[in-house]
Amino acid sequence: MKQDILEPGGIYHIYNRGNNKEDIFKEAKNYDYFMALMSKRLFPSVDLYAFCLLKNHFHWLLRIKDKKDLPIKYAEKPHLPFSNFFNAYTKSINKMYGRTGSLFQEHLKRKRVENENYLIQLIAYIHLNPVKHNFTENYKTYKYSSFRIYTSPKKTLLDRDFIFSVVDKEVFEYWHDEKRLKNEILLLDFFNGME
């Protein structure tokens, strides 16, 4: 599958998993380090809208800043902050756990978000991912997802304002539940059709 090119001003669903489906987060401090490293290495170049970190993979919904707002060294190469981020995280994990080689699959997966409907669908998909993969029964309490940030009044680096300009803040939580319920109905219909 051909990957979308990362371009200034583009909104992307970015995801990847551990090499050979290996865990990329082995303990709680790994998740915290990943987020701190994101803040340091990626936030100068991106606006983050949603994220979910799972044991062996992650999802981001983000926008690469406009060319004029990117650090000069990345203006012509907006993919470099990602490369630098993953190299730094891999080196740290390799050192911490006495491993060698690639931690992530070869290519960072990315899909350009071209319309608001897809953007809204992705937010729910990302937030519901821990339930889909049986990490929790309640996505609202999952610690390594941006959902709780959306329902908190605390200051954040996440760009909630943009998302709340697309999805009304008052229906944000309900919309996730509605999406979950529709998915459950579709799954029931699918499995009932197999009988």
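Heavy atoms only: backbone and side chains are in, while hydrogens, waters and symmetry mates are out.
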Asks: Which pairs, with at least one residue in residues 144-162 and sequence neighbours excluded, count as a side-chain hydrogen bond (donor to acceptor under 3.5 Å, both in side chains)?
Replies: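 Every side-chain hydrogen bond (donor to acceptor under 3.5 Å, both in side chains) pair that includes a residue of residues 144-162, provided the two are not neighbours, is H127-S146.
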
Asks: Tell me which one of L61, V113, L108, L6 satisfies side-chain contact (heavy atoms from CB on, under 4.5 Å) with Y12.
Replies: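 For Y12, the side-chain contact (heavy atoms from CB on, under 4.5 Å) test succeeds with only one of L61, V113, L108, L6, which is L6.
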
Asks: Could you give me the CA-CA distance, side-chain angles and deciding distance for Y142 and C52, then say whether side-chain contact (heavy atoms from CB on, under 4.5 Å) is met?
Replies: CA-CA 9 Å; Y142 186 70; C52 186; 4.1 Å; yes

Asks: Return the CD1 to CD distance between I93 and E22, rounded to the nearest 0.5 Å.
Replies: 9.5 Å

Asks: For a quick check under 3.5 Å, do Y15 and N129 share a side-chain donor-acceptor pair by atom type?
Replies: no

Asks: Could you walk me through whether N30 and Y97 pass side-chain hydrogen bond (donor to acceptor under 3.5 Å, both in side chains), step by step?
Replies: CA-CA 11 Å; N30 303 146; Y97 297 101; 3.1 Å; yes

Asks: Inspect the surroundings of NZ in K26 and state if more than 12 heavy atoms from other residues, nucleotides or ligands are less than 6.0 Å away.
Replies: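 Yes, NZ of K26 has more than 12 neighbouring heavy atoms, counting only those of other groups under 6.0 Å.
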
Asks: For a quick test of reading the model, state the closest non-hydrogen atom pair linking Y125 to H13 and the distance between them.
Replies: CE2-CE1, 4.2 Å

Asks: Apply the test side-chain contact (heavy atoms from CB on, under 4.5 Å) to residues M38 and L42: give CA-CA distance (whole Å), side-chain angles for both, the deciding distance (0.1 Å), then the verdict.
Replies: CA-CA 5 Å; M38 277 181 67; L42 292 181; 4.1 Å; yes

Asks: So that I know where these two stand, are F58 and F86 an aromatic pair - ring centroids less than 6.0 Å apart?
Replies: yes

Asks: Can you give me the closest heavy-atom contact between A88 and L37, atom names plus distance?
Replies: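 What the structure gives for the nearest pair is CB-CD2, 3.9 Å.
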
Asks: Donor-acceptor pair, S165 side chain versus F162 backbone, under 3.5 Å?
Replies: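 Between the backbone of F162 and the side chain of S165 there is a qualifying donor-acceptor contact (under 3.5 Å).
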
Asks: Counting N and O atoms only, with roles assigned by atom type, does the side chain of N115 sit under 3.5 Å from a partner on the main chain of N117, one being a donor and the other an acceptor?
Replies: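 Yes, the answer is positive, given that a donor and an acceptor are paired below the 3.5 Å cut-off.
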
Asks: As an exercise, state the distance from CD1 of I149 to CG of L48, rounded to the nearest 0.5 Å.
Replies: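 These two atoms lie 8.0 Å from each other.
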
Asks: Work out which heavy atom in P81 is nearest to a heavy atom in P78; give both atom names and the distance.
Replies: CD-O, 3.2 Å

Asks: Over 60° means perpendicular and under 30° means parallel, so tell me whether F104 and Y89 are parallel, tilted or perpendicular.
Replies: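 Ring orientation, 0 to 90° scale: tilted.
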
Asks: Is there a donor-acceptor pair closer than 3.5 Å between any side-chain N or O of D168 and the backbone N or O of E170?
Replies: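 Yes; at least one donor-acceptor contact below 3.5 Å.
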
Asks: Write down the atom of S39, the atom of P44, and the distance for their closest heavy-atom approach.
Replies: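 Closest approach of S39 to P44: O-CD, 3.8 Å.
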
Asks: Describe, in one word, how the ring planes of F147 and F172 are oriented to each other, choosing from parallel (under 30°), tilted (30 to 60°) and perpendicular (over 60°).
Replies: parallel

Asks: Would you mind checking if E76 and K67 are paired as a salt bridge, meaning a charged N to carboxylate O distance below 4.0 Å?
Replies: yes

Asks: Using the ring of each side chain (for Trp, its six-membered ring), is W60 parallel, tilted or perpendicular to F34, with breaks at 30° and 60°?
Replies: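 The arrangement is tilted - the two ring planes meet at 30° to 60°.
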
Asks: Can you tell me how far apart CD1 (I11) and CD (E114) are? Round to the nearest 0.5 Å.
Replies: 10.0 Å

Asks: What are the two closest heavy atoms between P8 and L70, and how far apart are they?
Replies: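 So the two residues come closest at CG-CD1, 3.9 Å.
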
Asks: Look only at the side chain of R99 and the backbone of T90, and say whether a donor-acceptor pair between them is shorter than 3.5 Å.
Replies: no

Asks: Looking at Q121, I want to see if its CD is surrounded by more than 12 non-hydrogen atoms of other residues, nucleotides or ligands under 6.0 Å.
Replies: yes

Asks: Under a 3.5 Å cutoff, is there a donor and acceptor pairing between the side chains of K65 and Y74?
Replies: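 No.
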
Asks: Got a second to check how far L119's CG is from Y49's OH, nearest 0.5 Å?
Replies: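 One gets 7.5 Å once the value is rounded to the nearest 0.5 Å.
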
Asks: With rounding to the nearest 0.5 Å, note down the distance linking CD1 in I24 to NZ in K55.
Replies: 12.0 Å

Asks: Show your reasoning for whether side-chain contact (heavy atoms from CB on, under 4.5 Å) applies to L157 and M35.
Replies: CA-CA 11 Å; L157 294 174; M35 292 303 296; over 6 Å; no

Asks: Drop me the distance from I126's CD1 to H176's NE2, to the nearest 0.5 angstrom.
Replies: 9.0 Å

Asks: So, for H133 and L54, which heavy atoms are closest and what is the spacing to 0.1 Å?
Replies: CD2-CD1, 3.9 Å

